[in-house]
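Notes to accompany the following structure.
Because the structure is predicted, anything quoted here is derived from the model rather than measured.
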Amino acid sequence: MSGRISPKKVPMAEQPPEERIRNFREVPLGYTPEQAIEEAKRCLQCKEAPCIKGCPVEIDIPAFIRLVAEGRFKEAALKIKEKNALPAICGRVCPQETQCEAVCTLGRRFEPVAIGRLERFVADWEREHCDPIAPNPPPKRGKKVAIIGSGPAGLTAAADLAKMGYDVTIFEALHKPGGVLVYGIPEFRLPKAIVEAEVEYVKSLGVEIRVDSVIGRLYSIQELFDMGYSAVFIGIGAGSPMFMGIPGENLSGVYSANEYLTRSNLMKAYLFPEYHTPIKTGKKVAVIGGGNVAMDAARTARRLGAESVYLIYRRSEAEMPARIEERERAKEEGIIFHLLTLPVRIIGDEKGRVKAIECVKMELGEPDESGRRRPIPVRGSEFIIEVDTVIVAIGTAANPLLPRSTPGLKLTEDGYIVVDEETGRTSLEGVYAGGDIVTGSATVISAMGAARKAARAIHEYLSGRA
Amino acid sequence: MAKNIHLLKVASPEIAKKAKAGQFVVLRAVEEGERIPLTLYDWDPRDGTISLVFQEVGKTTKLLAGMRVGDRILNLIGPLGLPSHIERFGRVVCIGGGVGVPAVYPIARAMKLVGNEVIGIMGARTAELLILEEEMRSVSDRLIVTTDDGSKGMKGFVTNALRDLLGSGIRVDRVVAVGPAVMMKFVAETTRPYGIKTIVSLNSIMLDATGMCGACRISVGGRTKFTCVDGPEFDGHEVDFDLLLDRLNQYVEEEKRIAAMDC
Ligand SMILES: Cc1cc2nc3c(=O)[nH]c(=O)nc-3n(C[C@H](O)[C@H](O)[C@H](O)COP(=O)(O)OP(=O)(O)OC[C@H]3O[C@@H](n4cnc5c(N)ncnc54)[C@H](O)[C@@H]3O)c2cc1C
Ligand code: FES
């Protein structure tokens, strides 16, 4: 059989760059059923199934792929949903190339099976063809669990606990559930209708979502216990944007990536003035950073009408944390990469608005703690780029709002919550945590994986087994 | 209440129960709307309502002004920000300018309640725009009213009244000022030579108001702070008001564009 296996993944159609920079619609267009079946047939169905271990939530990948190959898409969807409540999202944003697909047996000789694309296909097919399938409601246990934050971690913990029969309430600070999935990741990479559908699925399990509820202000964690919740899961994300601390960073026209993306995604500023939240679209935009967030910001700026978008990164492309796919798409869209370049100062006009950014060239020295070669400034290499907007996408730190208002909650030096890795248990009894607020900025799927473990531990705690 | 100044009473039992002087709420009036912060003017845990006072300046405040009894605000988030530091300091001067008056009122009330002697100073451009004078009087041991045009009370700015007061040699232990950024800047300049701790409540542009975006960032004592989670109150002698003023003007063109659409 292997003789007939195509060495390459079945390609997926995309919007061409010149077209997509003028809209916010999704870039890859998804497989047709025929393409999905053809790709699924590439799977060797090998016994070892290393892909399952490569998946942070251990989806039974060969089983769902076999169902796809047989055209049994609905059953394939159910198979995935045994382990993953948010497949349409993960199929789009997971870094499969470093997870399941990285260890695919077929990948030793050929391109690995396109597991991500198949997951996405199955989830989309289900959403378009079936009424949402909620499993039969389990017997109620008569115990309430409070979840703080409705990002991937919170949604996963909520879904798992609801399936076990707990009464689950999610408290979300913003007016819309989804966390980074709604305020951070842009429409062209993750359509918001998909996030909404996945949130609806979680609600269909009986989970109540209370938006506009900032825990730490509206209620303390102690008050949640007083209100009758028996356990609490904290999934508040990292959230607080970091700045570089260079002169000019507070000028008008300098945004954190979180602000820029929130204005555009959550508040729909790209539809201003029909939507009322403004955004400086900018003609010449500099984005600082080299991760997925920087790519999202740069590509958003392009779609908002920027003529030139410069991506400024202090190391070389080999060290960039952004997914290769995202880097390629950004380049296709005309984003100009200034690599080995460090901003040293943002220059403003008399009204305090950005007019230029001064940078210095870097060269790579010895490896640092992260194992990547440390960039060192090259003397006298300063140069100036004229820009009217600067977006700082150099990462996030722990948001102190909730931890500060929770006495006894043990934190790391950087303000992240300290937990037992296997259970997500914090220093406070009955309080668990997972996702970015524990690990720092990571991935959707790792937040989900941590939440799953915590849900299991909460169940054990509440059933008196821990 | 006065030209383009409105009082909005909203049923929100949860916020009413939790609110403290100096805190604010964020609201979104309609699906297309912005998230805007408004300082809490009053709240009543018994009937579960909160009261907000606002001036019609942008799109959202226009929408709010058009609301009728029984209408719903789409989203209301709060209470946000750190509460005012209330303590028995001795003699406290509470200054409100324009729509800063409703914001300083609950602070004055709380200061009075713990046993401070409260001197209120409130001002507006002209007599018609003076609001909540009786309420301020009820929580002040002494109230000084100013108008820019002299149509009521003392002619001049609240800073003139403050300068006279401090010049008279009376001891003042603390000053709290809420109002337009320029006013707070000059209040801080007025008290600086006297070394009186001066607290200002900043009205930065906000987006999420949960510390996630940095839209509200300002510089205090040379360090960047987020108004929504680290404030809104800061030491007025440390705040970089010029930066605040520049940042407040970021979207003037956009505001004009959206206002023009309504005509
Ligand atoms: C622009 C961007 C692009 C990304 N792209 C990818 C990608 O392609 N693939 C990938 O795997 N990962 C990506 N990530 C990372 C990924 O989104 C995060 O790792 C993941 O969302 C973390 O999930 P979480 O549930 O821990 O937190 P979040 O998604 O941050 O959700 C936390 C939620 O808690 C709420 N909250 C915070 N404080 C409180 C409070 N006090 N009370 C109530 N609610 C509160 C927040 O409003 C938020 O809704 C990206 C991140 C960003 C910012
Ligand atoms: S308003 Fe976003 S951090 Fe303060």
| query | Where do B:Ser219 and A:Asn250 land on the side chain to side chain donor-acceptor pair (under 3.5 Å) test, with the steps shown first? | reply | CA-CA 8 Å; B:Ser219 177; A:Asn250 291 337; 5.1 Å; no
| task | Given salt bridge (charged side-chain N to carboxylate O under 4.0 Å, His left out), test B:Asp230 with A:Arg404 step by step and report yes or no. | result | CA-CA 11 Å; B:Asp230 300 321; A:Arg404 258 188 216 161; 3.5 Å; yes
| message | Let's go through A:His175 and B:Glu31 carefully: what are the C-alpha distance in whole Å and the side-chain angles of both, what is the deciding distance for side chain to side chain contact (heavy atoms under 4.5 Å, CB included) to 0.1 Å, and is it a yes or a no? | response | CA-CA 10 Å; A:His175 59 262; B:Glu31 187 54 41; 5.9 Å; no
| Full working for side chain to side chain contact (heavy atoms under 4.5 Å, CB included) between B:Val30 and A:His276 | CA-CA 10 Å; B:Val30 290; A:His276 311 158; 4.0 Å; yes
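The pair A:Lys268-B:Glu34 does not meet the salt-bridge criterion, since no charged nitrogen lies less than 4.0 angstrom from a carboxylate oxygen. Salt-bridge check for B:Glu14 with A:Arg210: passed, with a basic side-chain N closer than 4.0 Å to an acidic carboxylate O.
Remark: side-chain polar atoms of A:Arg217 are not paired, donor with acceptor, to backbone N or O of B:Gly78 under 3.5 angstrom. Checking side-chain atoms of B:Arg217 against main-chain N and O of A:Glu249 turns up a donor-acceptor pair under 3.5 Å. Put simply, the side chain of B:Lys17 never gets that close to the backbone of A:Leu218: no donor and acceptor are under 3.5 Å apart. Between the side chain of A:Ser256 and the backbone N or O of B:Cys213, at least one donor-acceptor pair lies under 3.5 Å.
With a 4.5 Å cut-off on non-hydrogen atoms, A:Phe243 touches chain B through its side chain but not through its backbone. Residue A:Leu266 does not touch chain B at all, counting heavy-atom pairs closer than 4.5 Å. Heavy atoms closer than 4.5 Å to chain B are found in both the backbone and the side chain of A:Val254. Only the side chain of A:Leu401 comes within less than 4.5 Å of a heavy atom in chain B; its backbone stays farther off. For B:Leu76, the part lying near chain A is the backbone, with the side chain staying farther off; criterion is any non-hydrogen pair under 4.5 Å. Proximity to chain B is absent for every atom of A:Thr281, based on heavy atoms less than 4.5 angstrom apart. For a residue to count as touching a neighbouring chain, one of its non-hydrogen atoms must lie under 4.5 Å from one of that chain's; by this rule B:Leu80 touches chain A with backbone and side chain alike. At a 4.5 Å heavy-atom cutoff, the contact between B:Arg35 and chain A is made by backbone and side-chain atoms alike. For B:Leu63, the part lying near chain A is the side chain, with the backbone staying farther off; criterion is any non-hydrogen pair under 4.5 Å. For A:Ile279, the part lying under 4.5 angstrom from a heavy atom of chain B is the backbone only. Looking at B:Leu248, there are no atoms closer than 4.5 Å to chain A (heavy atoms on both sides), in backbone or side chain.
A:Phe272 has its side chain within reach of B:Ile258: a pair of non-hydrogen atoms, C-beta onward, lies under 4.5 Å apart. Side-chain contact between B:Phe226 and A:Ser240: present, with at least one pair of heavy atoms (C-beta onward) separated by less than 4.5 Å. Proximity of B:Met212 to A:Leu174: side-chain heavy atoms (C-beta onward) are separated by under 4.5 Å at one or more points.
Counting all heavy atoms, side chain and backbone alike, A:Ser252 lies closest to B:Gln250 at OG-CG, 3.0 Å.
Put simply, of B:Gly58, B:Ala215, B:Gly214, the one with the most heavy-atom pairs under 4.5 Å next to chain A is B:Ala215. In terms of heavy-atom pairs under 4.5 Å with chain A, the best-connected choice from B:Asn249, B:Asp246, B:Leu82 is B:Asp246. Options B:Lys20, B:Glu253, B:Gln23 differ in how many heavy-atom pairs under 4.5 Å they form with chain A, and the most are formed by B:Glu253.
Checking B:Thr210 against A:Asn399 by side-chain atom types alone, no donor-acceptor pair falls below 3.5 Å.
In this structure, the separation between OH on A:Tyr183 and CG on B:Leu207 is 11.0 Å, given to the nearest 0.5 Å.
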